[in-house]
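The block underneath contains the structure these notes are about, expressed in structure tokens.
We count ligands from 1, going down the list as the structure has it; atoms in each ligand are counted the same way. Any value given below was found using the heavy atoms of this structure, including those in side chains, with hydrogens, waters and symmetry copies removed.
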Amino acid sequence: MAIPLLLFGVALLAGEAAASNDAARNRLARTDCARGAFKDYHLQGQGGDPPADYKGRVFKLSQDYPVQIPPPEHYPWLDVPFRDGGPADPQAYLRALLAYGLEGNVEADFYVEDNKVRKWYGMPWMDWNTEVASDWPGTDGREFVHGFTHEFDSSGDTLSTLQHEFVDTWSGAYLNDRAAFAVGQVYCDPNDPQPGALNPDPTGLNNFPDGAFIIKLLFSTVTEDELPIAKGALEWTADVFVNDDPRWRNEGPASRFARRPGKIRLIQIDVSVRDERSLTGWLLGTFGYDGNAEGASPWARMVPLGLQWGNNPKVTFAQTCAGPDGPCDRSKLTEQWINEDAAARLTRAPLNFNHLGFGGRLAGPVDNAKASCMGCHQTAGFPSAPILPEFSANGAVLKLDAARRPATDQSFRMMYYGNVPSGVVFSDSQLYSSDYSLQLSMSLQNFASRRCGAQAGGPDAPQPAICGRLGAWAKAQKAQIDDLLSFGAPGPQGEPIHGAR
Ligand code: HEC
């Protein structure tokens, strides 16, 4: 009897802490917010609408974000106690996250506004989205059937040796009410977003309230022939690219981005949750589809692959892996849980449904294999920062090569596998944290890309504050770099040249 009582005590304490924090946020929250202004899908009303012969349902963004924090529920994951900043039973914790994310949403086919159990919401500005730098601007934006955005594609041989051509990933993310409150504060004025209002209390960290939760469904155009474990996967129709090869599309012209309703299959589900008990304040976990798993429905055949609550910032690549392709000993990575059985089973030829990233850290099967969930997500902020060391300007100077030399230049690389606390900015090149939400940082970037440029709005349109900030930021960043080039160097009279402009 002592155990259930103890668990109850832990849950109660977590609830109380959340409630007192909520009071401060609610007191300072803006309640005069304008709602309903965001587009639902790519080029809505501008040529992106469903064709006349399309008879199916059309996606609508759930955007009536609450202006006060909905009270915390007794979330199922709170029943799992924590030890050393992570859950004592990670698998039970992860399963509780998925059960909550699916409840009422499965019945509604994730048209979440129809959920009969609780309210769910979507992120603004994903209708115009640029996921990868080489993609044509905006072309990754939400399609009109489910509101899915186009993501990073998997080139041939990524998921299995039977997959010879590119397959495309399309995904959608859904926010619970406590997460939606925070996003709704950032976008209280849809024409003037305030990245620093994620927490309306400026004396606190700019983070989501405890209990915020996001679930993401990742579909792929991959077929059972290309990936045998995709048999019996949940199959939906979405308005996807006619041609799956990003290299061909990105050569242009714009007509190469033509979309048409086609079949996609659910192969991965990601979840993320704000839980104050975690050492970073967040936990990120993932499930992969396995057609050979037990389970009466495709949802039930989603296998838990792993959960991460920290990156083990001091554990270098060489301490876990013998070489670029392993083998890796993950015992030093104590801030995650990996389903070892699935890791072995799903990577046996012809499968390569790998969910291990940098040095054996958790990453999703359709993610970059040298990344980690929390590594990418801790960079979330405005302006956005490169999500991987290889993508940063310094990565080019240091000539990083994740595929061939992941073990070198650890002093720079490991910054990307640190444990940024919830709500703290990742890099001094950023002004605001968007607290592990990469959709939020992309959403703000998407807004700026349309509303801050020379062609935006017209000469009389009011300038959103974020545009002025971005301009001032760019000037200051450039000046700082220029100053470093001459810092300490004397001018002709011995005077400082640094800062002379
Ligand atoms: C290579 C970098 C990268 C890795 C690794 C990565 N993600 Fe993401 N993730 C992103 C980006 C970029 C987005 C936003 C774009 C989108 O959702 O279309 C995102 C979005 C999400 C979202 C939607 C909520 C949000 O705004 O962040 C969740 C949940 C999520 N990822 C969970 C995970 C989990 C769990 C893992 C590990 C299994 C993971 N991610 C690994 C880059 C990454």
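- Ring planes of F213 and W120: perpendicular class, angle over 60° (limits at 30 and 60°).
- Under the 4.0 angstrom criterion for non-hydrogen atoms, Y436 is in contact with ligand 1.
- At a 4.0 Å heavy-atom cut-off, ligand 1 touches T149 through the side chain alone.
- A donor-acceptor pair shorter than 3.5 Å can be found between the side chains of D435 and W282.
- For the side-chain contact (heavy atoms from CB on, under 4.5 Å) with L346, the qualifying choice from N339, L305, N354 is L305, the only one to do so.
- For the pair M123 and ligand 1, no heavy-atom separation below 4.0 Å is found.
- At a heavy-atom cutoff of 4.0 Å, ligand 1 is contacted by the side chain of A173 but not by its backbone.
- At a 3.5 angstrom cut-off on N or O pairs, C373 does not count as close to ligand 1.
- Close approach to M442 involves these atoms of ligand 1, each under 4.0 Å from a residue heavy atom: 12 (C), 14 (C), 15 (C).
- Nearest-residue assignment for atom 34 (C) of ligand 1 (options I387, D270, L217; heavy-atom criterion): D270.
- Residue T149 holds its OG1 atom at 7.5 Å from CE of M442, rounded to the nearest 0.5 Å.
- Between Q268 and ligand 1, no N or O atom pair is found at a separation short of 3.5 Å.
- Inspection of the N21 and R25 side chains reveals an N or O donor paired with an N or O acceptor under 3.5 Å.
- Checked against the 6.0 Å centroid criterion, the rings of Y174 and Y121 do not qualify as a close aromatic pair.
- In summary, the side chains of Q410 and T316 do not present any donor paired with an acceptor at a separation below 3.5 Å, with no hydrogens or angles considered.
- Against a heavy-atom cut-off of under 4.0 Å, G364 is close to the following atoms of ligand 1: 37 (C), 38 (C).
- Checking only distances, Q439 does come within under 3.5 Å of ligand 1, N or O to N or O.
- Among the heteroatoms counted here (N, O or S) of H377, NE2 is the one nearest to atom 8 (Fe) of ligand 1.
- For the pair R265 and W236, the cation-pi criterion (under 6.0 Å, within 45° of the ring axis) is not fulfilled.
- Listed by atom number, the atoms of ligand 1 under 4.0 Å from C376 heavy atoms are 1 (C), 2 (C), 3 (C), 4 (C), 5 (C), 43 (C).
- Using cut-offs of 30° and 60° for the angle between ring planes, the W125 and F447 rings count as perpendicular.
- Residue-ligand proximity, G285 to ligand 1, at heavy-atom distances under 4.0 Å covers atoms 35 (C).
- Not a single N or O atom of N129, backbone or side chain, sits closer than 3.5 Å to an N or O atom of ligand 1.
- Between E151 and ligand 1, at least one pair of N/O atoms sits closer than 3.5 Å.
- No part of A380 comes within 4.0 Å of ligand 1, judged by heavy-atom distances.
- Seen from the ring of Y111, R57 counts as a face-on cation partner, given the 6.0 Å and 45° thresholds.
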